[in-house]
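FYI, side chains are in, hydrogens and waters are out, and symmetry mates aren't considered; it's all heavy atoms of this structure. Below, chains carry the letters A, B, ... as their sequence lines are ordered, and counting in each starts from 1.
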There are 2 protein chains.
Amino acid sequence: MDAVDEILAQWNRERPDLDVGPMGLIGRLGRIVHFLTREMDKTFAEYGLTGASFDVLATLRRSGAPYSLSPGDLLSTMMITSGTLTNRIDQLEKARLVTRSHNPDDRRSVSVLLTPRGLATIEAAVTAHVATQKRLIALLSPDEQAALDPLLRSFLAGIAARASG
Amino acid sequence: MDAVDEILAQWNRERPDLDVGPMGLIGRLGRIVHFLTREMDKTFAEYGLTGASFDVLATLRRSGAPYSLSPGDLLSTMMITSGTLTNRIDQLEKARLVTRSHNPDDRRSVSVLLTPRGLATIEAAVTAHVATQKRLIALLSPDEQAALDPLLRSFLAGIAARASG
DNA sequence: TCCGGGTATCTTGATATCAAGATAAATCGC
DNA sequence: GCGATTTATCTTGATATCAAGATACCCGGA
């Protein structure tokens with residue numbers, strides 16, 4: 001009888017006509033992700049980052065040398081709007097973790113490049129982040145983790161199929 | 001090879017020292033919840049609500065007649081700060097979906113009460129919401145849903161134990 | 001050449017959120 | 001009783017986000 005079960009019990013009492021089975025699954029998913037996000041944010045904060053700024057730096061870092069992508073490239077892999085990305089890059093530029101430079105061949109487009117300081121920050125932060133994720137996922141046994149993985153893949157595949165179809 | 005696998009492949013190339021197994025699980029969880037949230041928000045919007053305002057109305061509704069709780073009661077079941085809750089109640093009051101009244105016995109405390117209009121709104125919205133959740137969860141087969149449930153329970157139990165211990 | 005349409009990025013205005021602290025009222029210890 | 005502490009809620013100031021539209025530039029066709 002966890003916190004989600006208590007909510008479902010209330011609905012059962014008040015609205016017995018509702019089938020709240022799906023609400024249990026989705027509610028638990030939401031709470032789990034909420035907790036994981038909060039814990040991971042603590043690690044980011046140790047490096048002066050937020051989840052948002054980490055995402056940008058990590059996307060640049062994992063794209064490989066020279067650690068440079070256009071805002072458009074970043075947008076395509078990060079589920080945010082263009083205005084949000086402009087703001088994130090502004091903040092990172094102020095913190096001297098990235099620089100913007102204009103492409104002389106197409107002056108509409110911009111390159112966002114990790115500075116040496118930005119590279120050092122993300123190298124350290126991602127190492128700590130992976131350690132945090134390892135610690136968090138250890139709340140499940142290895143068997144449970146192995147059982148969960150294909151279910152999440154299937155769920156996400158269903159979503160991808162829906163989004164494109 | 002889904003979008004999360006592509007991210008993991010990039011990290012494997014750039015930082016083969018990192019164990020990104022946990023990142024796969026956590027990344028998929030995050031994406032699934034992000035998608036589910038966006039879809040559920042569409043249903044809320046049909047009733048003039050957001051996820052935030054739905055949460056307040058639903059908490060009042062499932063508490064049972066007379067559909068009245070103090071901000072403190074609401075806070076204890078909704079993972080938000082007191083300032084956020086004040087703002088949510090302000091918005092709902094403007095929309096005439098709830099009213100505030102002061103308790104004569106303890107003038108610090110306040111009762112937030114569903115108006116008839118608020119009750120009618122949440123009755124309809126929660127019915128539609130449950131239908132949306134049923135549709136979304138159908139991306140998994142019944143067997144997959146049955147397999148997922150105990151894993152999420154176990155994960156959330158681990159979190160609850162950690163949070164309290 | 002020049003215009004229309006498309007592309008890449010940024011700006012604007014409105015909201016929602018949080019952290020920290022303010023306010024007001026109740027209660028506790030003496 | 002009376003000051004100090006605790007409790008319940010709200011306020012303030014900063015930030016992040018989004019939707020919609022503005023800006024600046026490129027390109028293809030007449």
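- Cluster annotation: A:Leu113 is not connected to A:Leu75 through the hydrophobic network of ILVMFWY side chains, with a link wherever side-chain heavy atoms come within less than 4.5 Å.
- Between A:Lys94 and A:Asp90 there is no salt bridge, since no side-chain nitrogen of the basic residue lies less than 4.0 Å from a carboxylate oxygen of the acidic one.
- Side-chain N or O atoms of B:Thr37 include one that pairs as donor or acceptor with a backbone N or O of B:Val33 at under 3.5 Å.
- Atom pair B:Arg107:CZ and C:dT23:C1' shows a separation of 13 Å (rounding to whole Å applied).
- Every residue two or more places apart in sequence or in another chain was checked for a salt bridge (charged side-chain N to carboxylate O under 4.0 Å, His left out) with B:Asp19, and none qualifies.
- Atom NE2 in A:His102 sits about 15 Å away from atom C1' in D:dC26, given to the nearest Å.
- In B:Arg135, the CZ atom is crowded: over 12 heavy atoms of neighbouring residues, nucleotides or ligands sit closer than 6.0 Å.
- Between the CG atom of A:Leu49 and the CD1 atom of A:Ile122 there is a distance of 6.5 Å, given to the nearest 0.5 Å.
- Between B:Leu139 and B:Phe35, some side-chain heavy-atom pair lies under the 4.5 Å cut-off.
- Protein atom CG of B:Leu69 is 11 Å distant from nucleotide atom P of D:dT9, rounded to whole Å.
- The backbone N or O of A:Ser53 sits nowhere less than 3.5 Å from a side-chain atom of A:Gln91 that would complete a donor-acceptor pair.
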- Under 4.0 Å protein heavy-atom contact, by nucleotide of nucleotides 14-22 of chain C - B base, S sugar-phosphate only: ---BBS---
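- The CG atom of A:Asp90 sits 7 Å away from the P atom of C:dC10 (whole-angstrom rounding).
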Give me the distances for all protein-to-nucleotides 6-8 of chain C N/O pairs that come in under 3.5 Å?
unit_1: C:dG6; atom_1: N2; unit_2: A:Arg108; atom_2: NH1; d: 3.1
unit_1: C:dT7; atom_1: O4'; unit_2: A:Arg108; atom_2: NH1; d: 3.4
unit_1: C:dT7; atom_1: O2; unit_2: A:Arg108; atom_2: NH1; d: 3.0

